[in-house]
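Computed over heavy atoms, backbone and side chain alike; hydrogens, waters and symmetry mates excluded. All chains are named by letter (A, B, ...) in the order of the sequence lines, taking the proteins before the strands, and each is independently numbered beginning at 1. Note that this is a predicted model, so its numbers are computed, not measured.
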Amino acid sequence: MYTQSFSVPDGSPAPALQAVPSGAEAALQAHFDAVIDADGKIEPRDWMPEAYRRTLVRQISQHAHSEIVGMLPEGNWISRAPSLKRKAILVAKVQDEGGHGLYLYSAAETLGTSRDQMFDALHSGKAKYSSIFNYPTLTWADVGVIGWLVDGAAIMNQIPLCRCSYGPYARAMIRVCKEESFHQRQGYESLLAMMQGTPEQRAMVQDAVNRWWWPVLAMFGPPDENSPNSAQGMRWGIKRISNDALRQKFVDATVPQAEVLGVTLPDPDLKWNAERGHHDFGAIDWDEFWRVVNGDGPCNQERLATRVKAWNDGAWVREAAVAHAAKRRQRTAKEAA
Amino acid sequence: MSSPALKEWPLWEVFVRSKQGLEHKHCGSLHASDAQHALQMARDVYTRRQEGVSIWVVPSASITASEPDSKDMFFDPAADKIYRHPTFYEIPDQVGHM
């Protein structure tokens, strides 16, 4: 499961200016603010400001899309997994990602958006998903690196979301985080096995780490000073830890793991800073991040085309299931009559 | 629910009993064409790691809910009935645990 800072705007129109709140609305707003200030939870039928609802719909649906699109780069390797064991593991992981997408779509639907609306937004290219899935999985080592680094980064991002102020989102994230640990561990263990293999296998792991490291750091989203929506997200209890703080936490956690694995992280500026008590690291290429987010990554077109094809190819199954259900209902009605 | 012309599969709420002796607990929702289908989907979506021994699925449209938290008159009358709680009653210490 994967997130990035979902403060990325979708291609939707800017909201109209809000009217001055009436007395009743001011009271509802005051109640909402009090719940948020007390670190309480908002549930689907509670009153909430339109902007809070809109932000959550955007963030949760982008998160769901990321899970669904995230099945593609790895799904690509199911038929070519090097052993039956690895294949079974990969199938389970990809199925989990599908499940995570479903938990999240359900959470988003509690806010009044429909599944079809969200799919339309994804399939038309209007909705964003995590930039990380627009990079290719060139070798088997990429599957391991996705588990170790991409899922590792996602876990960092998602653990604070378990305390999100919106109940259904927080509950979905608790479920997701429970399953996520397996994803990271299987990836790391798969890389450990390769590192004990031939020089070619070790080189394959290092090459995959080189290609994924920077895009993974970018997953945490733009630096805090360029994240205008972050402050509002923090105020609403949707976001708990800033992009830069999460990124730092991830780097600090990953460096010792890379040492055990025996790979080099591709950053000459990466070193321990005793004064800060953290690792310093080099500059991230944000131009590339925005290029990929806005549709110009190595695999954007391929990912979306694969997803749309799968949806269209499945149309007859969805229709047949509805027709079958209608027929069964009619038969039951007739028998009862 | 009854229209076969539905574009989306209807929504179902899923309740899972995690083990014998415990109650069914709401764990989320999903779309499915009918109840049998919803059960199969619920097994795949919510019990991939033996999280359940029994599943209920209920059409979401069939649920009647009380008013949300901001309109709390519904539960208000209970707030001033503190005599319904055991701590309301002072019992001499020498009586011990009661």
Side-chain angles (χ1 to χ4, degrees), chain A residues 24-25 27-32 34-35 40-48 92-93 95-96 98-110 114-120 167-168 171-172 174-176 178-179 182 315 317-330 332-333, chain B residues 1-18 24-52 55-76 79:
Chain A
E25 192 165 320
L28 290 166
Q29 175 78 50
H31 179 80
F32 173 87
V35 171
K41 297 283 183 196
I42 304 297
E43 293 294 342
R45 298 176 74 243
D46 293 343
W47 184 91
M48 61 188 88
K93 178 178 190 298
Q95 193 193 13
D96 273 358
H100 297 175
L102 295 178
Y103 306 153
L104 287 159
Y105 281 128
S106 294
E109 283 175 85
T110 64
S114 77
R115 188 75 59 102
D116 279 350
Q117 276 175 317
M118 289 186 276
F119 280 163
D120 283 348
R171 291 192 287 275
I174 290 169
R175 194 170 286 281
V176 165
K178 272 187 195 162
E179 299 179 355
F182 141 63
V317 179
R318 294 190 297 277
E319 287 160 18
V322 171
H324 178 67
K327 214 163 151 187
R328 282 231 291 227
R329 256 198 317 276
Q330 275 176 358
T332 320
Chain B
M1 282 290 309
S2 57
S3 162
L6 268 179
K7 199 178 165 219
E8 272 192 354
W9 289 340
L11 192 64
W12 302 77
E13 299 301 320
V14 180
F15 300 80
V16 172
R17 183 203 294 285
S18 56
H24 285 78
K25 211 171 147 192
H26 183 246
C27 69
S29 58
L30 51 77
H31 290 270
S33 56
D34 64 12
Q36 279 308 316
H37 188 204
L39 274 180
Q40 282 168 8
M41 302 280 262
R43 180 202 57 192
D44 291 346
V45 176
Y46 292 106
T47 63
R48 286 193 300 281
R49 290 175 176 79
Q50 296 181 299
E51 291 95 336
I55 301 175
W56 290 347
V57 290
V58 180
S60 306
S62 303
I63 290 180
T64 306
S66 61
E67 288 297 324
D69 158 61
S70 51
K71 301 179 186 166
D72 46 9
M73 304 84 95
F74 192 68
F75 299 105
D76 242 10

Could you tell me which portion of A/Q95 (side chain, backbone, both or neither) has an atom closer than 4.5 angstrom to a non-hydrogen atom of chain B? both
Return the minimal non-hydrogen interatomic distance between A/A325 and B/S33, and the atom names on each side. CB-O, 3.5 Å
Show the nearest heavy-atom pair for residues A/S106 and B/S29, with the distance to one decimal. OG-O, 2.8 Å
Are the side chain of A/Y103 and the backbone of B/Y46 linked by a donor-acceptor contact shorter than 3.5 Å? no
Might you point out which heavy atoms bring A/F182 and B/R49 nearest each other, and give the distance in Å? CD2-NH2, 3.2 Å
Would you mind checking which part of A/R318 comes under 4.5 Å of any heavy atom in chain B, side chain (CB onward), backbone (N, CA, C, O), both or neither? both
Closest non-hydrogen atom pair, A/V317 against B/W9: O-CZ2, 4.5 Å
Please flag which part of A/R115 lies under 4.5 Å from any non-hydrogen atom of chain B: side chain, backbone, both or neither. both
Yes or no on side-chain contact (heavy atoms from CB on, under 4.5 Å) for B/H37 and A/H324, after CA distance, side-chain angles and deciding distance? CA-CA 11 Å; B/H37 188 204; A/H324 178 67; over 6 Å; no
Distance from A/R328 atom CZ to B/D34 atom CG, nearest 0.5 Å? 4.5 Å
Under a 4.5 Å heavy-atom cut-off, does chain A meet the side chain of B/A65, its backbone, both or neither? both
Report which part of A/S114 has an atom under 4.5 Å of a heavy atom belonging to chain B: side chain, backbone, both, or neither. both
In chain order, what residues pass the salt bridge (charged side-chain N to carboxylate O under 4.0 Å, His left out) check against B/R48, with sequence neighbours excluded? A/D96, A/E179
